[in-house]
There are 2 protein chains.
Amino acid sequence: MSYKVLIVEDLQELLEAMSDFYREKGAGLWEVVTASDGKDALAKVAGNDFDLMILDIMLPGASGFDICKAARSKGDCPIIFVTALGSENIILKGYETGCDDYVVKPFSLKQLYAKSLGLLKRAKKNQDSDLLSCGSISLNKRTMLVKVNDREVSINAKEYFLLVYLLENKNSVLTRRAILERVWKDDLDVTDRVVDTAIRRLRDNLGEAAGQIKTVIGRGYRLTEE
Amino acid sequence: MSYKVLIVEDLQELLEAMSDFYREKGAGLWEVVTASDGKDALAKVAGNDFDLMILDIMLPGASGFDICKAARSKGDCPIIFVTALGSENIILKGYETGCDDYVVKPFSLKQLYAKSLGLLKRAKKNQDSDLLSCGSISLNKRTMLVKVNDREVSINAKEYFLLVYLLENKNSVLTRRAILERVWKDDLDVTDRVVDTAIRRLRDNLGEAAGQIKTVIGRGYRLTEE
DNA sequence: TTCTTCGTGTCACACTCGTGTCACATCGGT
DNA sequence: ACCGATGTGACACGAGTGTGACACGAAGAA
């Protein structure tokens, strides 16, 4: 398994130094794609799925920010900015655009490489850290945070586990019995109707996304994209 | 405050030029230690704590790589290699050994000096990277000091490690089990409720920032920005 | 040693808040 | 219109948590 990295830098020597470093260091870990001007970079961003991008900010054709934006509208791969010494406000702008880290020229390849590995690790962790989502609802099983349209909502324990079950089986009809067995587990000496109540409270807390939980009369409940 | 730099170079004139430059340029910023052969250098590395090292690779006695390795086994101060023209593969070897940057002979003292400052700045920033913070709470993992609104607060060992865990996972809900496994580690034959007590004592000691530790009923605790 | 102090785990009690249940309203299909 | 199924409001119980007190052991001082 190899990671696809895009390196954009107009200084030819530096570009070569970087791509050589990545090619040799990982011994096959990296698949390196390079670009030396903005236009070329934008084309390559559009035509590929990268695991990591290293972008110089000052470029002929388009700035690193433009490339960053293009990449962000497509996915959320980690991005490292390369910038000249002492441009703190530019770095700030970079973070606003959505970059994940930056290095200041002159920088050491080793440091850049270390940052790359760190970001990849973090991205990987986020990926399989069980991000569940459906329509405007998103739930992170690691942080246990629930969001509706990127606004954080707070729900109780039972509602939380119910929502996890719904999300893991979105679009499927879940019977009350199935929900009871999964969410209530041992406490099975309860009425079927507790599910109704839990669903109600969950709907209340989900606010505008309440409609995504559909009632299927005679069978149970179902979470839909809308 | 001054930085301690080790300059290793066998060419006497160059060694003097460099050390003079550092002594004069910084006007007291630098404390310069020199060595002109490998053995001397190794001894000085062993007996001092440097903030920066500038190592020639070709040396009588021991190579710059050996000195680099010795330094790395001791700490992680920034290292710049000085090398002869056209030895790119040697430079790669340098990066493997763990150097942070390099200059190629003939080089300008000014350029070397700029790299030195850059590395120092970066090293300093890395030190700060064991600075954890969230809202009005900040914690330094190196000095183990905890501050609330820049006012120093004293907390006990258990509370400290608990706070570190909370800070490293801020905004995430941490279950009692997870907290126990991380903070109590081996002593797992304790009640879940010790976490509650630890949280209480931590809240007491955090004073005005106590509210940043939120209780998530049925699931655990969570540190928020406010 | 003996006394003191401090950190920490445990228990008891108070209280909040989540949750199950019921009653009634409403809905939906036949 | 009928009846079963589901939505909704209210309420009471109890699980989960905050808090004070105490016990035990480690570390340090006399």
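Here is how names work: the chains are called A, B, and so on, in the same order as the sequence lines, proteins then strands, and each is numbered from 1. Only this structure's heavy atoms are used, side chains among them; waters, hydrogens and symmetry mates stay out.
- No option in A:N48, A:D51, A:D49 other than A:N48 meets the side chain to side chain donor-acceptor pair (under 3.5 Å) test with A:K4.
- Remark: A:E152 engages B:R222 in a salt bridge, criterion side-chain N to carboxylate O under 4.0 Å.
- Atom CG of A:L202 sits about 4.0 Å away from atom CD1 of A:I213, to the nearest 0.5 Å.
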Side chain to side chain contact (heavy atoms under 4.5 Å, CB included) between A:M53 and A:V8, worked out: CA-CA 8 Å; A:M53 293 186 195; A:V8 185; over 6 Å; no

Check the pair A:I137, A:Q212 against side chain to side chain contact (heavy atoms under 4.5 Å, CB included), reporting the backbone distance first and the verdict last. CA-CA 9 Å; A:I137 304 169; A:Q212 281 184 53; 3.8 Å; yes

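- Ring pair A:Y113/A:F21 is perpendicular by interplanar angle, where above 60° counts as perpendicular and below 30° as parallel.
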Intermediate values then yes/no, side chain to side chain contact (heavy atoms under 4.5 Å, CB included), B:E225 and B:N171: CA-CA 8 Å; B:E225 313 270 348; B:N171 291 321; 4.1 Å; yes

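- With B:K170 contributing its side chain and B:S133 its backbone, the two residues share a donor-acceptor pair below 3.5 Å.
- Among the protein residues, A:Y221 comes within range of the sugar-phosphate backbone only, with heavy atoms under 4.0 Å from sugar or phosphate atoms but none that close to a base.
- One atom, NZ of B:K214, and another, P of D:dG18, lie 13 Å apart when rounded to the nearest Å.
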What's touching nucleotides 23-29 of chain D from the protein side, N or O pairs under 3.5 Å?
none

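- Residues of residues 203-211 of chain A having a heavy atom closer than 4.0 Å to DNA chain D, listed by number: A:R203.
- Side chain to side chain, B:S116 and B:Y22 meet the donor-acceptor criterion of an N or O pair below 3.5 Å.
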Give the intermediate values and the outcome of side chain to side chain contact (heavy atoms under 4.5 Å, CB included) for residues A:W184 and A:I179. CA-CA 8 Å; A:W184 273 258; A:I179 294 174; 4.0 Å; yes

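- Summarising the geometry, atom CD belonging to B:E9 is positioned 11.0 Å from atom OG1 belonging to B:T34; distances are rounded to the nearest 0.5 Å.
- Each end of the helix from C:dT1-D:dA30 to C:dT30-D:dA1 yields a helix axis from five base pairs, and these two axes differ in direction by 30° (to the nearest 10 degrees).
- The side-chain contact (heavy atoms from CB on, under 4.5 Å) test with B:Y221 singles out one residue from B:L174, B:V216, B:T215, and that residue is B:T215.
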Its contact letters, B for base, S for sugar-phosphate only and - for none at protein heavy atoms under 4.0 Å, make nucleotides 8-21 of chain C read BBB------SSBBB

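- For the pairing with B:L52, the side-chain contact (heavy atoms from CB on, under 4.5 Å) check across B:V5, B:L6, B:I7 returns one residue only, B:V5.
- Contacts between residues 173-181 of chain A and DNA chain D, counted as heavy-atom distances below 4.0 Å, involve A:R176.
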Under 3.5 Å donor-acceptor pairs involving side-chain atoms of residues 159-167 of chain B, not counting sequence neighbours:
| unit_1 | atom_1 | unit_2 | atom_2 | d |
| --- | --- | --- | --- | --- |
| B:E159 | OE1 | B:N205 | ND2 | 2.6 |
| B:E159 | OE2 | B:N156 | ND2 | 3.4 |

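- Checking side-chain atoms of A:N169 against main-chain N and O of A:S172 turns up no donor-acceptor pair under 3.5 Å.
- Atom P of nucleotide D:dG7 and atom CD1 of A:I213 are separated by 10 Å, given to the nearest angstrom.
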